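Have a look at the structure below before the remarks.
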Amino acid sequence: MTQAIAERRATPSFDGTPIPPEDLRHIIDAGLHAPSGYNMQPWRFVVVQSPEQKRRLRSASYNQAKVEEASAVIVACGDADGWRKDLDLMLQLGREGGMPESYAAQARTSVSNFLSGFSSGEMHGWLNKHVMIAFTHMLLMAEVLGYDTAPMEGFEQEKVHEVLRLPMSYWVVALLGIGHLKGPDKYNGGRFEMNHTVFGEEYGKPLRAF
Ligand SMILES: Cc1cc2nc3c(=O)[nH]c(=O)nc-3n(C[C@H](O)[C@H](O)[C@H](O)COP(=O)(O)O)c2cc1C
């Protein structure tokens with residue numbers, strides 16, 4: 001995993017060789033194991049592999065060639081209405097795993113109170129947060145399995161909706177291209193020094209843990 005993280009690059013171009021279904025399953029499973037607030041799992045994924053759909057998705061993604069070249073593109077979405085339908089299922093699963101009744105009763109009220117008051121912008125923020133955790137689980141699992149990956153935010157929301165025939169309540173968060181690198185890898189853009197982005201105890205103080 002350390003190597004996968006250190007050596008991962010946002011892949012510029014893919015060779016298009018298909019992904020065996022069992023590898024795709026591992027990658028998707030990794031995403032579905034991600035944590036989420038109240039375990040509401042508001043993510044939804046559309047896996048695009050057919051040449052025709054990849055071509056159409058490319059035209060909804062500012063013509064980025066890697067959308068069509070990737071072996072699979074996982075379109076990561078959030079469902080703004082998912083919690084309404086899934087609350088009972090989440091509680092049932094939780095009870096099967098040992099969730100205390102007192103927690104279940106409290107969660108039923110809190111989830112409704114918390115989410116029903118969200119503005120559309122707040123809901124998109126909440127969905128982005130959760131979908132990207134699952135997305136990152138998938139990206140890292142793909143890298144560990146030896147694939148190259150390309151996260152993408154360059155797409156048009158309405159056009160992707162149209163191509164994938166998504167329900168109105170869906171919010172497209174990001175695209176994940178998976179496959180094998182074709183040609184030279186991208187340069188390494190580097191990262192800011194730790195003291196630029198990480199603080200210890202309070203803002204502005206350096207972390208002295210090392
Ligand atoms: C959420 C997200 C969206 C991105 N969208 C695009 C994109 O649409 N097109 C693209 O070529 N690269 C995209 N990238 C790749 C970034 O440009 C890349 O991750 C960044 O330059 C750092 O390079 P590295 O990932 O190779 O370290 C995206 C990355 C992330 C995390």
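Note that the coordinates shown come from a computational prediction; the quantities given were computed from them, not determined experimentally. In each ligand, atom 1 is the first atom listed, and ligand 1 is the first ligand listed.
The Arg8 neighbourhood of ligand 1 comprises atoms 24 (P), 25 (O), 27 (O), with distances under 4.0 Å to a heavy atom of that residue. Per-residue contacts place Gly154 under 4.0 angstrom from the following atoms of ligand 1 (heavy atoms of the residue considered): 8 (O).
Looking only at heavy atoms of the protein, atom 27 (O) of ligand 1 is closest to Arg9 NH2, 2.6 Å. Looking only at protein heavy atoms, the nearest one to atom 13 (C) of ligand 1 is Pro151 O, 3.3 Å. Here the heavy atom of the protein found nearest to atom 20 (C) of ligand 1 is Lys186 NZ, 4.2 Å. Of the protein's heavy atoms, Met132 CE, 4.1 Å lies nearest to atom 1 (C) of ligand 1. Counting protein heavy atoms only, atom 5 (N) of ligand 1 is closest to Glu153 N, 2.8 Å. The nearest heavy-atom contact from the protein to atom 18 (C) of ligand 1 is Ala10 CB, 3.7 Å. Nearest protein heavy-atom contact of atom 9 (N) of ligand 1 is Gln64 OE1, 2.9 Å. The protein non-hydrogen atom at the shortest distance from atom 10 (C) of ligand 1 is Lys66 NZ, 3.5 Å.
No continuous path of hydrophobic side-chain contacts links Phe14 to Val47 [ILVMFWY only; heavy atoms under 4.5 Å].
In this structure the side chain of Ile178 never reaches within 4.5 angstrom of the side chain of Val73, judged on heavy atoms. By the 4.5 Å heavy-atom criterion applied to side chains, Asp88 and Arg108 are counted as neighbours.
In summary, the side chains of Trp171 and Asn128 do present a donor paired with an acceptor at a separation below 3.5 Å, with no hydrogens or angles considered. Side-chain contact check for Gln92 and Arg95: no donor-acceptor pair (N or O, by modelled atom type) lies under 3.5 Å. There is a side-chain donor-acceptor pair under 3.5 Å between Glu143 and Thr149.
By the criterion of a heavy-atom distance under 4.0 Å, the side chain of Arg191, and not its backbone, is placed next to ligand 1.
Aromatic ring pairs are classed by plane angle as parallel below 30°, tilted from 30° to 60° and perpendicular above 60°; the pair Phe192 and His196 is tilted.
Comment: Glu162 does not engage Lys159 in a salt bridge, judged by the lack of any side-chain N to carboxylate O separation of less than 4.0 angstrom.
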